[in-house]
Amino acid sequence: MKLIVVTPAGREKYLRLLSHHVLKSPEVHEWHLWDNCRNDADRAYLRRLAASDPRCKIKTLPNADGTINVIGRFFRFCDDADALYLRLDDDVVFLEEGFLPRFKARAMAEKGAALWYAPLIINNAVCSSLIKNLSRVLIEGPLTCQAMCPFSWAHASFPEALHPVFIEAVRTNRLGDFRVPDREVRLGRFSINAIGFFGSDVLEIGELFYPPPGNDEEEWLSATLPAKLDRPGRVFGDLVAAHFSFYTQEQRLLQTSILDDYYALAGLPAPLYEKPVVRTRLKDRLRPWRKPRNRGPDYRISLPAGGGD
């Protein structure tokens, strides 16, 4: 069984890090880069990346302009019956050591039990709820088990608190504190930052697998199609990946050192990239004790005393 990684691409500042995690693994048969770049500079990097390793294959569609509406059409390239496809967002910034062969082995062992398989994803609202309620990590602050949680998804304050704790857990060999039991996902949307599915299932399901025009690919694949087929998704709670940000969070997180810290975790120098300018309203400057508008809830996140893998 081939492992083919697919990524809606791409933003250079993230892809440089993701390529480190993907291409260092001999388990990867191919990496399909779905060209959905937003500008010529990112597209030029995508071509350089593809030229760096023969396993990289650029997939193109007309009118792909960096918007999310086109991504669902790329799934028609997932047509190899002998492949396990692993879709990774371009801003997946961490895969734990041995992640790819372990993910493949787990998915193959449970083939047919679910429609799609996901790791435990850091900064994924459903997974964040699992971490709060089932792991040893201590989280104080509001969370809901909704893909678009009005607290943890809608604001940067949650991932701004979570990422540094997770990075410290990796550095100190304490990923075990984050792990949770496997769980099924039914009748609810799941942010598909990292999901695997089998090409044979795609071919067997046929046209129904592909999001209809005008349908959100994430809603279709994570919630609607599983409901139609009565086949759930499954989260592998002992396999961990980290997702940097949602669009609701990106500007604020890029103002921090978090992305640079993930590069350091991988032993890589951070690339040069433009950091958003911090703009403070006059009212907030005059009253610095007040929490800025739309800052989101405050969180306290920590590892328990002791612990480790």
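Owing to the predicted nature of the structure, the values given are computational and were not obtained by experimental measurement. Just so you know, residue 1 is the first one in the sequence shown, and it goes up from there.
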Is the backbone of [Y] close enough, under 3.5 Å, to the side chain of [X] for a donor and an acceptor to pair up by distance?
| X | Y | answer |
| --- | --- | --- |
| D216 | E219 | yes |
| S25 | L100 | no |
| N193 | D89 | no |

With no hydrogens and no angle check, do the side chains of [X] and [Y] hold a donor and an acceptor under 3.5 Å apart?
| X | Y | value |
| --- | --- | --- |
| N69 | E217 | no |
| K111 | S200 | yes |
| T144 | Q146 | yes |
| D260 | Y273 | yes |
| W31 | T7 | yes |

Flag the pair [X] / [Y] as yes when their ring centroid distance falls below 6.0 Å, and as no otherwise.
| X | Y | value |
| --- | --- | --- |
| W34 | F77 | no |
| Y262 | H163 | yes |
| F166 | F178 | yes |
| F197 | Y85 | yes |
| F244 | Y14 | yes |
| F94 | F99 | no |

A side-chain contact here means heavy atoms from C-beta on lying under 4.5 Å apart; do [X] and [Y] qualify?
| X | Y | value |
| --- | --- | --- |
| L18 | R16 | no |
| I4 | V6 | yes |
| P271 | Y263 | yes |
| L239 | L120 | no |
| H32 | R55 | no |
| T248 | H155 | no |
| P159 | L253 | yes |
| H29 | M1 | no |

Honestly, is K59 close enough over F74, meaning NZ or CZ under 6.0 Å from the six-membered ring centre and within 45° of the axis?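 Relative to the ring axis of F74, which defines the angle, K59 lies outside at least one limit.
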Would R106 count as a cation-pi partner of Y117, with NZ or CZ less than 6.0 Å from the six-membered ring centre and within 45° of the ring normal?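 Relative to the ring axis of Y117, which defines the angle, R106 lies outside at least one limit.
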Mind listing the closest non-hydrogen atom pair of W116 and S222 along with its distance?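 Distance-wise, the nearest heavy atoms are NE1-CA, 3.6 Å.
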Exercise: identify the closest heavy-atom pair between V126 and A147: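 Heavy-atom minimum between the residues: CG2-N, 4.0 Å.
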Do the side chains of [X] and [Y] get close enough for a salt bridge, i.e. N-O under 4.0 angstrom?
| X | Y | result |
| --- | --- | --- |
| R11 | D90 | yes |
| K24 | E97 | yes |
| K13 | E274 | no |
| R102 | E27 | no |
| E30 | K2 | no |

In terms of hydrophobic clusters joined by side-chain contacts under 4.5 Å, are V235 and I122 together?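 V235 and I122: one cluster.
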ILVMFWY cluster, V240 and V93 together (side-chain gap under 4.5 Å):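 Yes, V240 connects to V93 through the hydrophobic network.
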